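One structure is given here, and the rest of the page talks about it.
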Amino acid sequence: DTEVTQTPKHLVMGMTNKKSLKCEQHMGHRAMYWYKQKAKKPPELMFVYSYEKLSINESVPSRFSPECPNSSLLNLHLHALQPEDSALYLCASSQDRGSTPLHFGNGTRLTVT
Amino acid sequence: AQKVTQAQTEISVVEKEDVTLDCVYETRDTTYYLFWYKQPPSGELVFLIRRNSFDEQNEISGRYSWNFQKSTSSFNFTITASQVVDSAVYFCALNSGYSTLTFGKGTMLLVSP
């Protein structure tokens with residue numbers, strides 16, 4: 001079983017909806033990440049939080065809004081998405097932002113209609 | 001700039017065959033880390049191995065082995081006696097210091113009975 005838990009596993013939303021993706025880890029990791037993965041492509045980094053502060057935003061559109069309420073939780077708030085935003089959204093954590101491996105969750109498969 | 005090249009897009013083998021997945025990387029840093037991840041159809045990215053740039057020893061873990069050669073900037077992954085459960089997309093990745101993880105495009109491995 002993965003030590004990074006993501007909910008929901010599947011999400012279908014309309015372009016006017018507001019929804020949130022949730023991620024939780026209890027490994028004491030201080031860095032957490034959101035990745036977006038389209039079919040047959042590698043994951044693309046969206047955001048990095050280090051010690052609960054946003055340290056990297058890879059020019060992600062504002063319709064994606066990350067939030068890190070505490071060191072164990074990471075949310076991704078979605079609003080006014082486009083059909084091309086349909087993808088697998090992966091959360092990951094690592095002990096720090098350096099050399100340690102990332103541990104990924106199972107992901108949320110998002111479909112925007 | 002960092003770059004990871006996985007030239008093999010898809011490999012098909014029959015069970016019990018050995019298979020090698022190639023990974024070639026580029027970086028200007030002298031200290032860096034290489035990783036392999038497995039992504040089965042369920043979507044989770046499973047961490048397999050991390051290797052730092054100062055450790056060129058090959059590693060074996062059960063049916064898996066890794067060959068790291070700095071002279072050719074390669075970090076190849078071999079599965080011995082492949083099994084159907086090995087079917088997945090395999091990603092090679094690189095990072096150095098506080099840079100973000102750079103993924104290759106992935107190699108899809110199909111193992112048929």
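Below, read A as the first sequence line, B as the second, and so on, with proteins coming before strands; counting in each chain starts at 1. Since this is a predicted model, take the numbers as computed values, not measurements.
Under the 4.5 Å side-chain criterion, counting only non-hydrogen atoms from C-beta, B:Gln39 is in contact with A:Gln37. A 4.5 Å side-chain heavy-atom check between B:Phe103 and A:Leu45 finds every atom pair outside the cut-off.
No more than 12 heavy atoms of other residues, nucleotides or ligands lie within 6.0 Å of NZ in B:Lys3, so this atom counts as exposed by the packing criterion. More than 12 heavy atoms of other shown residues, nucleotides or ligands fall within 6.0 angstrom of atom NZ in B:Lys38. At most 12 heavy atoms of other shown residues, nucleotides or ligands fall within 6.0 angstrom of atom CD in B:Gln57. Annotation: B:Gln2, atom CD; neighbour count of heavy atoms from other residues, nucleotides and ligands within 6.0 Å is above 12.
Contact record, A:Pro42 with B:Gly104: CB-O, 3.3 Å, taken as the closest heavy-atom pair. Shortest non-hydrogen contact noted between B:Leu101 and A:Tyr35 is CB-OH, 3.9 Å. The two residues A:Leu88 and B:Gly43 make their nearest non-hydrogen contact at CD2-O, 3.9 Å.
Considering CD of B:Glu44 and CG of A:Leu90, their distance stands at 9.0 Å, rounded to 0.5 Å.
Between the side chain of B:Tyr37 and the backbone N or O of A:Leu102 there is at least one donor-acceptor pair closer than 3.5 Å.
Residues satisfying the salt bridge (charged side-chain N to carboxylate O under 4.0 Å, His left out) test with A:Glu58, not counting sequence neighbours, are none. Checked against ring pair (Phe, Tyr, Trp, His ring centres under 6.0 Å), B:Phe77 has the following partners two or more places apart in sequence or in another chain: B:Trp36, B:Tyr64, B:Trp66, B:Tyr90.
For the options A:Ser55, A:Gly107, A:Pro43, heavy-atom pairs under 4.5 Å to chain B are most numerous at A:Pro43.
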